[in-house]
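To start, the structure itself, in structure tokens.
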Amino acid sequence: FSQWKKIYSGQLKNKIYFLVGSNHAQTKHRVLKIDRTEPRDLVIIDDKHVYSQQEVRELLGRLDLGNRTKIGQKGSSGLSRAVSAYGIVGFVRFLEGYYIVLITKRRKMADIGGHSIYKIEDTSMIYIPNDSVRVTHPDEARYCRIHRLLCTILPLFLYSYDLSHSLQYNLTLLQRPCELGSAAASSAEEEVHTHSKQDSFDIFEDEGLPTQVVYGLQNEPYFKYVWNGKLLERVKDTVHHDWLMYIIHGFCGQSKLLIYGRPVHITLIARRSSRFAGTRFLKRGANCEGDVANEVETEQIIHDASVMSFTAGSYSSYVQVRGSVPLYWSQDISTMMPKPPIRLDQADPYAHVAALHFDQMLQRFGSPIIILNLVKKREKRKHEKILSEELYPAVTNLNQFLPPDHCIDYIAWDMARYTKSKLCNVLDRLGMIAENVVKRTGFFTGVLRTNCVDCLDRTNTAQFMVGKCALAYQLYALGMIDKPKLQFDTDCVRLFEELYEDHGDTLSLQYGGSQLVHRVKTYRKIAPWTQHSKDIMQTLSRYYSNAFSDADRQDAINLFLQVYQPSESKPHLWELPTDFYLHQKSTMALPQERRSYTFWWSEGILPHLPVAYDEVACEENMKKVQVKKVNRYDESTDIYTEFFKPYELTSFDDTFCIAMTNSAREFMPKTVGVDPSPFTVRKPEETGKSVLGNKSSKEETVLQRKTAASAPPPPSEEAISSTSEDDSEEDRDDDGAVSQRSTPIKLLTESGESTRTQEELQQPVKEPYGLNLAEFPTEEDLLIYERFAHLGESQHRVERTEPIKLANIISLEPVSCFQEDSIYAVSPPQVDRDSRDVFESHVLTGQGQVRALCREDMLTYREYIKNRYM
């Protein structure tokens with residue numbers, strides 16, 4: 001079903017607001033009346049009739065003419081037009097009357113199957129009661145300012161596609177039998193609506209053939225990711241569902257990958273949870289209902305853009321989740337510290353809050369649920385380690401009650417420690433983890449849940465590596481590549497990296513107050529030297545935002561989500577010492593029924609695993625779906641009219657598919673004879689739009705070539721352990737041992753390219769020394785050299801009658817204690833027996849032949865432990 005694409009508002013003598021909604025072609029209209037004489041209540045009348053364009057003009061004309069003070073007078077005394085909008089965000093009330101929030105400016109962000117996704121650029125908040133009945137309050141204006149603070153950075157919306165669900169869920173609805181949902185639909189909606197040719201054009205109507213009937217589906221949104229659900233709660237049972245438009249908060253980006261002219265759209269959608277939402281230091285951990293802070297569901301959709309339809313096209317979707325550690329924890333922000341200490345607020349020996357959280361994930365994603373914990377594990381003073389020590393026992397406690405095939409997998413990896421090592425390739429290890437995860441979850445069941453402390457920098461890089469691995473399998477499944485492998489420094493990966501950079505910056509601004517500090521280039525160790533100053537500025541910006549502006553942003557979020565509803569009997573929002581009880585509703589009442597500590601999942605989830613319970617065609621889920629039989633060419637289900645807009649005069653160059661980021665235009669080199677494949681590895685200076693940034697010298701370019709590594713070969717599933725003991729053993733190794741497991745970095749494999757690269761790496765002498773030895777010296781330089789040679793001859797002049805002895809010219813003194821050392825030979829040093837034994841033991845140990853330890857070895861080891869750790 002499609003909502004109204006355009007809304008026109010008008011007022012009638014300060015008594016009634018009229019909202020006229022129309023579709024894109026303006027062939028169908030609905031009218032909504034809002035009473036303005038009520039000072040505090042919201043009175044809305046929905047006209048159930050669907051008007052044509054001529055009928056709505058006649059209706060508005062009669063209203064305008066009948067409400068003028070004098071017949072024939074033209075002015076504002078009749079029906080006056082107020083504002084044009086693209087949708088209704090909702091209705092909100094503070095201390096006076098109700099406001100209506102309208103979308104006045106939008107920007108197209110993506111296309112999915114012909115359905116357009118828009119970003120809200122601007123909103124307008126209109127006060128409904130007229131001035132004659134308005135009861136003023138001195139604090140009303142402050143609440144309006146707080147509410148508008150979030151409206152300026154508001155989310156995404158879509159008219160005819162459910163953006164709160166994943167693509168897999170939406171397409172699963174199409175596979176269900178329509179009879180199950182049609183029983184809940186009214187008889188009026190089951191009938192096939194016949195429209196005139198102005199409403200819908202049927203090519204079979206003139207031929208006398210039967211009308212083609214299709215099913216239109218409307219599903220209930222997933223309210224966890226809906227941000228205006230409370231704003232529409234008052235009117236959702238009163239008005240027609242076409243007036244309701246649910247919006248999400250997060251990110252949306254789309255780019256076009258051209259594979260020899262074949263367009264493939266890569267779409268990245270991030271949905272931010274509206275539960276336990278807030279800013280960085282003010283929202284940590286989880287609440288008593290299992291909702292975690294900074295929970296974001298990221299979905300990457302790959303589809304062949306040459307075929308647009310969902311039913312006939314090729315689509316692939318992969319979903320990841322990030323979120324704070326599901327424990328009762330917080331950070332004390334009373335002290336001005338960059339990293340406030342982490343504290344556990346409440347003991348949870350039976351992992352009750354973690355059980356609630358993973359119960360939600362099993363219901364939405366199925367199994368397996370894989371946790372990738374990136375927090376630090378070795379610290380001089382316990383900080384992040386506190387969370388790991390609590391999370392792993394909680395997961396172990398929950399797993400003992402689940403079947404072995406559906407247990408929660410836990411992978412702990414100290415990403416920060418590996419980053420500090422100069423010899424370790426962080427992305428290689430992440431690539432191994434990603435390969436293992438994607439093979440286990442696939443595209444249809446289970447999900448990867450990644451977290452660090454903030455779930456920003458480290459999490460975004462880890463999700464990029466998993467998304468890069470999934471992208472290779474998606475392109476392979478669609479028949480675009482011959483093997484599921486993608487290398488760095490290709491047009492495809494650069495385009496995908498740019499999408500994830502924008503994705504990470506947007507989520508970081510929403511939660512942390514600044515853009516990403518550490519990016520993919522930082523972990524690849526190819527970032528330019530100017531990036532360090534940018535990282536410092538982003539760190540300062542994040543610190544300033546957390547210290548001074550996070551409280552105002554948190555108030556705006558609480559007010560917009562209606563977590564706090566103003567009242568004259570309650571203290572104001574800015575007077576509350578904490579918003580803890582606003583997000584912890586269960587703490588204010590005694591629970592009537594306590595959940596089981598052993599059977600901690602919801603009823604009905606376990607029998608259907610690994611399939612998610614939300615995707616099962618059961619009676620409970622089908623109650624959320626409404627089915628309507630419509631004409632095949634009805635605009636509510638026909639995407640052709642919405643996408644191509646045949647009723648408007650449009651320019652091909654202004655279409656969104658031309659303006660979006662293009663791999664051939666933005667990343668492919670412009671030189672002639674270059675391989676146009678987006679999967680060809682290119683040098684950083686060859687690309688049209690390099691994600692590595694502009695370099696100031698050739699040394700940085702050479703460094704990039706040395707450090708640019710391709711993806712490692714896929715390891716076996718046994719190579720990666722999903723337990724924390726494996727990682728604890730690795731933490732005991734030194735950096736040298738860690739580097740042995742990293743993949744060696746290869747520059748080029750082909751012999752011809754390798755030779756050419758070595759020649760390019762040899763810099764001309766003129767650059768470091770200011771000379772070019774390839775040119776013949778000038779006469780002045782030759783004269784200077786001859787004078788220098790004569791000076792040397794006069795200093796060591798000897799009689800020609802005597803034989804020349806080198807000792808009389810130059811006296812050489814030995815610099816070594818070995819007498820035979822010269823420029824031609826070196827005498828071997830004498831090695832005693834003990835040293836030989838030590839060396840032979842070292843070689844045998846490397847071959848796996850360890851000799852028995854003697855008493856001296858044990859004493860030496862104890863002395864080492866004593867000096868090292870005691």
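Aromatic pair Tyr473/Phe443: ring centres not closer than 6.0 Å. Remark: aromatic rings of Trp413 and Tyr418 are close, center separation under 6.0 Å.
The number of heavy atoms from other shown groups lying within 6.0 Å of CD (Glu603) does not exceed 12.
In this structure, Arg271 and His249 have side chains that are not in contact, with every pair of non-hydrogen atoms separated by 4.5 Å or more. Looking at heavy atoms from C-beta onward, Leu471 lies out of side-chain contact with Phe464 at the 4.5 angstrom threshold. Side-chain contact between Asn219 and Tyr169: present, with at least one pair of heavy atoms (C-beta onward) separated by less than 4.5 Å. With a 4.5 Å cut-off on side-chain heavy atoms, Cys288 and Gln584 count as touching. Residues Pro326 and Leu391 have side chains in contact (heavy-atom distance under 4.5 Å, counting atoms from C-beta outward). Contact of the Ile433 side chain with the Val437 side chain is registered, since non-hydrogen atoms from C-beta on lie closer than 4.5 Å. Residues Phe251 and Thr298 fail the side-chain proximity criterion, which asks for heavy atoms closer than 4.5 Å. Taking the side chain as every heavy atom from C-beta outward, Leu430 and Leu427 approach each other to under 4.5 Å.
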(request) Given ring-ring contact (aromatic ring centres under 6.0 Å, His included), test Tyr246 with Phe223 step by step and report yes or no. (result) CA-CA 9 Å; Tyr246 296 103; Phe223 284 100; 5.6 Å; yes
(message) Let's go through Arg519 and Glu501 carefully: what are the C-alpha distance in whole Å and the side-chain angles of both, what is the deciding distance for salt bridge (charged side-chain N to carboxylate O under 4.0 Å, His left out) to 0.1 Å, and is it a yes or a no?
(response) CA-CA 7 Å; Arg519 304 172 180 272; Glu501 294 275 318; 2.8 Å; yes
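Using a distance-only test at 3.5 Å, with no hydrogens or angles considered, a donor-acceptor pair links the side chain of His608 to the main chain of Gly604. Side-chain N or O atoms of Asp579 include none that pairs as donor or acceptor with a backbone N or O of Leu582 at under 3.5 Å. Between the side chain of Asn451 and the main chain of Cys455, no donor-acceptor pair closer than 3.5 Å is present.
Under the side-chain hydrogen bond (donor to acceptor under 3.5 Å, both in side chains) rule, Ser330 has a single partner from Arg343, Gln346, Arg284, Lys283, which is Arg343. Partner of Glu297 under the salt bridge (charged side-chain N to carboxylate O under 4.0 Å, His left out) criterion, chosen from Arg272, Arg364, Arg322, Arg449: Arg364.
Side chains of Glu615 and Gln168: a donor on one and an acceptor on the other come within 3.5 Å. With 3.5 Å as the limit, one finds a donor-acceptor pair spanning the side chains of Ser388 and Asn373. No side-chain donor-acceptor contact under 3.5 Å links Glu233 and Gln562. With hydrogens and angles left out, the side-chain atoms of Ser317 and Glu299 include a donor and acceptor closer than 3.5 Å. Between the side chains of Gln565 and Lys230, no donor-acceptor pair of N or O atoms lies under 3.5 Å. With 3.5 Å as the limit, one finds a donor-acceptor pair spanning the side chains of Thr267 and Gln254. In this model, a donor atom of one side chain and an acceptor atom of the other lie less than 3.5 Å apart for Asn460 and His503. For the residue pair Arg280 and Asn294, no side-chain donor N or O sits within less than 3.5 Å of a side-chain acceptor on the partner.
Distance check: Tyr564 OH to Asn558 CG gives 10.5 Å after rounding to the nearest 0.5 Å. Atom CD1 of Ile302 and atom CG of Leu167 lie 11.0 Å apart (nearest 0.5 Å). Here the CG-CD1 distance, from Leu231 to Ile247, works out to 7.5 Å after rounding to the nearest 0.5 Å. Of the inter-residue distances, the one linking Thr172 atom OG1 with Asn621 atom CG reads 11.0 Å to the nearest 0.5 angstrom. Atoms OH and CD, from Tyr613 and Gln363 in turn, are 7.5 Å apart once rounded to the nearest 0.5 Å.
Closest non-hydrogen pair, Gly285 versus Ser324, comes out as N-OG, 3.0 Å. The minimum heavy-atom distance between Lys377 and Lys385, with the atom names listed, is O-CD, 3.4 Å. In plain terms, the two heavy atoms of Pro368 and Asp409 that are nearest each other are CB-OD2, 4.5 Å.
Taking a cutoff of 4.0 Å between a charged side-chain nitrogen and a carboxylate oxygen, Glu497 and Lys468 do not qualify as a salt bridge.
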